[in-house]
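Note: hydrogens, waters and symmetry copies are ignored here, and every other heavy atom, side chains too, is used. Just so we're on the same page: letters track the sequence lines, and every chain starts at 1. This is a predicted model, so every value here is computed, not measured.
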Amino acid sequence: MQIYLPIADLPVNIFVIFAMGVVVGFISGMFGIGGGFLMTPLLIFLGIQPAVAVASVTGHIAASSCSGALSYWRRHAVDLSLAAMLLVGGFLGTAAGVTLFTKLRSLGQLDLTIGISYVVLLTVIGVLMLMESVRAILRSRRGGPQQLRRPGSHAWFHGLPFKVRFKRSRIYVSAIPVWAIGFLIGFIGSVLGIGGGFILVPMLIYLLRVPTATVIGTSMVVTLVTMASALVMHAVTNHLVDAVLALILMVGGTIGAQFGARAGYNIRADRLRLLLGLLVLAVGLRFAYDLAVKPDDLYSVRPYEDTLL
Amino acid sequence: MRRAALLTALLALAIAPAETRAERLVTSLSNHQVMVTSSFTGEELVLFGTVEQDAASKPRQNYDIVVTITGPRQNLVTRRKDRVIGIWTNVDSRFFVNVPSYLGVLTTRPIPDIANRETLRRLGVGIDNFILTQRIGTDLADVVPDDPFRSNFVRLQRQKGLYLEEQRAITFLSPTLFRVDIPLPAEVPFGAYQVDVKLFADGAMIARENSALEIFKVGFEQFVANAAREHGFLYGLAAALMALVTGWLASVIFRRD
């Protein structure tokens, strides 16, 4: 069934979009991530303008992280004070990201920026995840104890001022790295149309030593708020949020996420991280391929909205 | 004597236009308003026309018709990619100023057979002869048809079905009655369209007719598009609320504890 998207100005098959929502939702539920880094490229591949795809996917991520955050909230696995602290940086990052997004769009370099950022971000994160999970799997094979928290190993930023105690997560860290992480997540989230959950979770675990009990729930609350505000900001500045597209994606996504979460329970955590690392790396390499290989068409035509003429 | 002279002059005046405009074009479009709804996947309009001959016109058979449909004007930018330190990226661009977002040229015969090159260029018949203004430095000008930016711009617009040139699209149902199908793709831009019908005979334009049509979004699509453009903040809030409700519903429906 074809449906006409009012903002993307394009007819699409509603079932294809819905199926994409379900599949990405399944993956996001399984790994506890938003899935934006998969959804945005898929939409661009379908022929939706990158700018519309990025702006609309924020709605999809907001919905899936909302349902996730609620279920973690019921299990008391959310550290609200840590989430609030991350969001202070997150808001600034989102605003900066939306501004940059608007600027790049008028310069015609948005596609390239999205492409390069995906390559760098996804390959680096993918490789790190792979290395970490392989090490964890090998360690458990040898029967050694699993340790994610290495007590006594303090990085330089643990010595920074403005120390804050986060009770639920039982950590005592400086607010500066917390703000910085929040800023980074908000920034890349709004520029690239990704929630940043797959970056935020490892950062919270390895940099701030947040225990696994609260890390995913907290990350989901942060993702929910940054994505909902990015959605509003994109709607105000660029008028590119396609609500119809976003609705189909979020309905598919939230349904898929439920089944994904159930599938995820049956797989061991280190294997899950290995799979996620492979997935992230694969998407990154796919983008690298697009940038390195001569495109089918060297020319492109886009509307030019500027009073300069 | 003077009276006779005046009479001849008047007669000559009365006859002269009749002689140059011996044929008249009458056209009718199947639909002057195209409404884009959620099920819109493109549409085909039909234009009927007839060549009206009067007593003064020579009986002719070899008419040629050129139908040119132009959509609302738009500023477009064409970019060219090249390899820079191993990465394919946009390196050069050209601005197309006030060019039609849709351009359809439909004819009875291959365009070069209709009239000589000079006439075709003067009347802007065919995509190659149509003026597509570019901004080059501070100048606004059109360039030769085989300019790489112009030809690639036209090629891409044709790929999207927004520009088209069909050289045998018009069929004469009788010596004077013709019909043509005007294809509008799904991605057709909204706004006011001009339909320009030119009648050629023996290599010269002998009549011309203009009509208009409008393409617009209706119902829900229009409501959403308007809301997004005019009430960005409320629209954004509504979209965010929609996301929260969807997420909340999912967590309630699939609740397992």
Side-chain angles (χ1 to χ4, degrees), chain A residues 2-4 6-7 9-11 59-71 74 108-109 111-112 115-116 224 227-229 231-237 239-244 246-247 250-251 254-255 257-258 290-295 297-306 309, chain B residues 36-42 74-83 86-90 93 95-98 135 148-149 152-153 155-157 160 186-187 189 217 220-225 228-229 232-233 235-240 242-244 246-255 257:
Chain A
Q2 296 281 315
I3 182 166
Y4 192 88
I7 305 296
D9 277 336
L10 186 82
H60 159 77
I61 305 170
S64 57
S65 52
C66 178
S67 80
L70 283 171
S71 55
R74 288 197 204 99
Q109 296 301 350
D111 299 8
L112 176 72
I116 292 181
L224 165 62
M227 285 295 104
S229 51
L231 180 66
V232 176
M233 285 191 228
H234 273 301
V236 172
T237 54
H239 311 290
L240 288 175
V241 177
D242 197 310
V244 175
L247 181 65
M250 58 180 77
V251 171
T254 45
I255 293 172
Q258 299 298 328
D290 283 347
L291 285 177
V293 171
K294 187 176 177 178
D297 206 327
L298 293 179
Y299 286 85
S300 62
V301 175
R302 284 282 167 79
Y304 186 73
E305 296 133 5
D306 205 325
L309 293 168
Chain B
V36 174
T37 59
S38 58
S39 55
F40 185 78
T41 53
Q74 211 180 5
N75 295 327
L76 294 168
V77 54
T78 303
R79 296 197 169 91
R80 185 174 60 84
K81 282 197 165 87
D82 208 342
R83 195 169 205 149
I87 291 172
W88 288 91
T89 175
N90 291 327
S93 63
F95 296 93
F96 286 76
V97 185
N98 235 359
R135 191 183 64 184
F149 271 97
N152 280 291
F153 168 76
R155 178 180 58 81
L156 286 166
Q157 295 290 83
K160 290 184 220 159
E187 289 89 354
K217 291 183 205 185
F220 181 65
E221 278 63 42
Q222 196 220 9
F223 172 75
V224 173
R229 194 146 278 284
F233 184 65
Y235 177 87
L237 279 186
M242 181 173 85
L244 297 189
T246 311
W248 173 74
L249 274 178
S251 81
V252 170
I253 294 168
F254 294 99
R255 193 170 178 168
D257 41 45

What part of A:Ile116 is in contact with chain B, defined as an atom under 4.5 angstrom from a non-hydrogen atom: side chain, backbone, both or neither?
-> side chain
Side chain from CB out, backbone as N, CA, C, O: work out which of these in A:Val293 comes under 4.5 Å of a heavy atom of chain B, or both, or neither.
-> backbone
Minimum heavy-atom distance B:Arg229-A:His239, with the two atoms named | O-CE1, 3.4 Å
Proximity breakdown for B:Pro148 and chain A, heavy-atom pairs closer than 4.5 Å | both
Closest non-hydrogen atoms of A:Ala235 and B:Gly232, given as atom of the first, atom of the second and distance, are CB-O, 3.5 Å
Minimum heavy-atom separation for B:Ala239 to A:Val241, with atom names?
-> CB-CG1, 4.5 Å
Pick whichever of B:Ala250, B:Ala238, B:Gly42 has the most heavy-atom pairs under 4.5 Å with chain A.
-> B:Ala250
Here the pair of heavy atoms bringing A:Leu70 nearest to B:Ser251 is CD1-OG, 3.4 Å
Approximate separation, where rounding is to 0.5 Å, of B:Trp88 CH2 and A:Leu298 CG = 5.5 Å
Most chain B-contacting option - heavy-atom pairs closer than 4.5 Å, from A:Leu224, A:Val232, A:Val244 = A:Val232
Quick one: does B:Lys217's side chain have a donor or acceptor within less than 3.5 Å of a partner on A:Pro6's backbone?
-> yes
Who wins among A:Val236, A:Leu240, A:Asp290 for the most heavy-atom pairs under 4.5 Å with chain B?
-> A:Val236
Sequence-distant partners of B:Arg155, salt bridge (Lys or Arg N to Asp or Glu O under 4.0 Å), two or more places apart | A:Asp297
Can you tell me how far the CD1 atom of A:Ile255 sits from the CD1 atom of B:Ile253, to the nearest 0.5 Å?
-> 7.5 Å
For B:Ala228 against A:Ile7, the heavy-atom pair lying closest together | CB-CD1, 3.5 Å
Considering only heavy atoms and a distance below 4.5 Å, find which of A:Gln2, A:Met227, A:Met233, A:His234 pairs most often with chain B.
-> A:Gln2
Report the residues that fulfil ring pair (Phe, Tyr, Trp, His ring centres under 6.0 Å) with B:Phe149, sequence neighbours left out, ordered by chain and then residue number.
-> A:Tyr299
Roughly how far, to the nearest 0.5 Å, is OG1 of B:Thr246 from NE2 of A:His60?
-> 11.5 Å
Rounded to the nearest 0.5 Å, what separation is found between the CG atom of B:Leu244 and the OG atom of A:Ser65?
-> 8.5 Å
Locate the shortest heavy-atom distance separating A:Ser300 from B:Asn90; write the atom from each residue and the value.
-> OG-OD1, 4.4 Å
Using non-hydrogen atoms and a 4.5 Å limit, figure out which bit of B:Ile87 sits close to chain A: side chain, backbone, both or neither.
-> both
Side chain from CB out, backbone as N, CA, C, O: work out which of these in A:Ile61 comes under 4.5 Å of a heavy atom of chain B, or both, or neither.
-> neither
Top contributor to chain A contacts, counting heavy-atom pairs under 4.5 Å, from B:Arg83, B:Met242, B:Glu187 = B:Met242
